[in-house]
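By convention in this document, chain letters (A, B, ...) are assigned in the order of the sequence lines, proteins followed by strands, and residues within each chain are numbered from 1.
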There are 2 protein chains.
Amino acid sequence: MSSTRKNARNTRQLEVIWNVIKDDKSHPTADQIYDRVRKLIPKISLGTVYRNLQKLVADDRLQVLMHGRSQHFDPLLERHQHFICENCDRVYDIFFETPGAIDSATLPDQVFKVSSHQLALYGTCKNCSS
Amino acid sequence: MSSTRKNARNTRQLEVIWNVIKDDKSHPTADQIYDRVRKLIPKISLGTVYRNLQKLVADDRLQVLMHGRSQHFDPLLERHQHFICENCDRVYDIFFETPGAIDSATLPDQVFKVSSHQLALYGTCKNCSS
DNA sequence: TTATTTGCAAATTGTTTGCAACGGT
DNA sequence: ACCGTTGCAAACAATTTGCAAATAA
């Protein structure tokens with residue numbers, strides 16, 4: 001499934017999709033990416049966009065963030081958090097140091113093995129507070 | 001919309017749905033609640049279950065937690081966090097004190113007003129690690 | 001009585017999949 | 001030439017909605 005995997009091909013579709021998100025900080029949805037890519041490859045299908053996004057995620061070139069019922073894609077791989085505006089649904093990157101304590105499981109019980117965590121902040125963004 | 005609102009009615013459907021989740025700690029989905037309620041009211045429709053769950057959420061009697069593409073309902077209202085098993089998708093309540101610092105916005109920029117936050121831990125649960 | 005709620009079915013939204021044609025390597 | 005990838009359309013899953021009949025107050 002990964003493009004680093006044997007027999008993966010470099011298609012124009014994959015390349016254009018990557019170029020369209022690789023520096024994007026707005027956390028677009030598949031649909032928004034589809035709209036942008038269609039300007040460059042008008043006949044591309046939404047299915048192809050989804051398949052290539054999955055591929056980029058499998059290759060660890062993108063992260064996925066669920067918000068509401070849709071997935072948002074994020075090319076920023078370093079550990080970071082998100083602030084989500086409850087008014088406009090925009091997602092912002094937050095470099096907020098989450099306490100190491102979360103990892104070192106001061107958990108109620110040692111029954112769980114924690115492998116990752118995610119902190120999301122909700123509120124109103126600058127754009128919406130004016 | 002709220003049942004505390006003027007003209008709200010106490011229907012058998014609402015009462016049964018509430019009884020079925022009010023002490024439940026398993027974070028069921030609407031479908032799972034539907035299955036349980038159907039044993040008591042066989043002719044209830046899924047739409048009615050959804051509408052009553054919305055009502056309970058609007059009335060602050062339930063919290064919603066998104067996981068994957070579905071909403072999970074949680075009658076526990078006190079601030080708490082969740083541990084989600086990546087193997088079986090079960091959701092557990094975690095009483096983990098999140099640092100107050102998260103609220104008092106030591107944020108990169110004062111452009112945001114944070115009104116809430118949510119921390120989710122991912123890993124493997126006891127049931128799945130054996 | 002009468003406005004809210006229900007059951008049912010159809011509509012919506014976001015995403016995935018089957019398949020024949022296409023195109024990298 | 002081989003087999004991964006595409007476009008298209010249909011399938012899906014979770015949730016919402018329109019509407020006439022039912023029912024709580």
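When the P atom of D:dA21 is taken as reference, atom CD1 of B:Ile44 falls 21 Å away, rounded to whole Å. The interatomic distance linking B:Tyr34 (OH) with D:dA13 (P) rounds to 15 Å, in whole Å. Per the geometry, CD belonging to B:Gln32 stands 10 Å off P belonging to D:dA14, to the nearest Å. Following rounding to the nearest Å, A:Gln13 (CD) and D:dG4 (C1') show an atom-to-atom distance of 12 Å. Note: CG (A:Leu14) to C1' (D:dG4) measures 12 Å, nearest angstrom. Summarising the geometry, the separation between CZ on A:Arg38 and P on D:dC8 is reported as 11 Å, rounded to the nearest angstrom. Whole-Å rounding puts the B:Ile41 CD1 to C:dC8 C1' distance at 16 Å. The distance between atom CG of B:Asn10 and atom C1' of C:dT5, rounded to the nearest whole Å, is 12 Å.
Residue A:Thr48 places at least one side-chain N or O under 4.0 Å from the OP1 or OP2 atom of D:dG7. Residue A:Lys55 places at least one side-chain N or O under 4.0 Å from the OP1 or OP2 atom of D:dT5. One finds a side-chain N or O of B:Gln54 lying less than 4.0 angstrom from the OP1 or OP2 phosphate oxygen of D:dT16. Side-chain N/O atoms of B:Asn52 include one lying less than 4.0 angstrom from OP1 or OP2 on C:dT6. Applying the 4.0 Å criterion to OP1 and OP2 of C:dT6, one finds that B:Ser45 has every side-chain N and O outside that range.
Two residues, B:Thr11 and B:Tyr50, neighbour DNA chain D, and the one matched to the more 5' nucleotide by heavy-atom proximity is B:Tyr50.
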Exercise for the section: Take A:Leu76 and A:Phe95 through the side chain to side chain contact (heavy atoms under 4.5 Å, CB included) test and state the conclusion after the steps. Expected result: CA-CA 11 Å; A:Leu76 183 62; A:Phe95 296 92; 3.5 Å; yes

Problem - side-chain hydrogen bond (donor to acceptor under 3.5 Å, both in side chains) between B:Glu86 and A:Ser115, worked out - result: CA-CA 9 Å; B:Glu86 293 171 315; A:Ser115 60; 3.1 Å; yes

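Candidate nucleotides D:dT6, C:dT15, D:dT16 were compared by shortest atom distance to the side chain of B:Arg69, and C:dT15 ranks first. Of the candidates D:dT5, C:dT16, D:dA24, D:dA24 carries the atom nearest the B:Arg9 side chain, counting heavy atoms from C-beta on. Out of D:dT5, D:dT15, C:dT16, the shortest distance to the side chain of A:Gln71 is found at C:dT16.
Between A:His27 and A:His82, the distance separating the two ring centers is shorter than 6.0 angstrom.
Residue A:Leu46 is in base contact, counting any heavy-atom pair closer than 4.0 Å across all strands shown. Looking at heavy-atom distances under 4.0 Å, A:Asp31 makes no contact with the nucleic acid at all.
Within the cation-pi definition used here (under 6.0 Å to the ring centroid, within 45° of the axis), B:Arg90 does not qualify as a partner of B:Tyr92.
Donor-acceptor pairing under 3.5 Å, judged by distance alone, is present between the side chain of B:Arg51 and the base of C:dG7.
In this structure, A:Arg36 pairs ionically with A:Asp24, as a charged nitrogen and a carboxylate oxygen lie closer than 4.0 Å.
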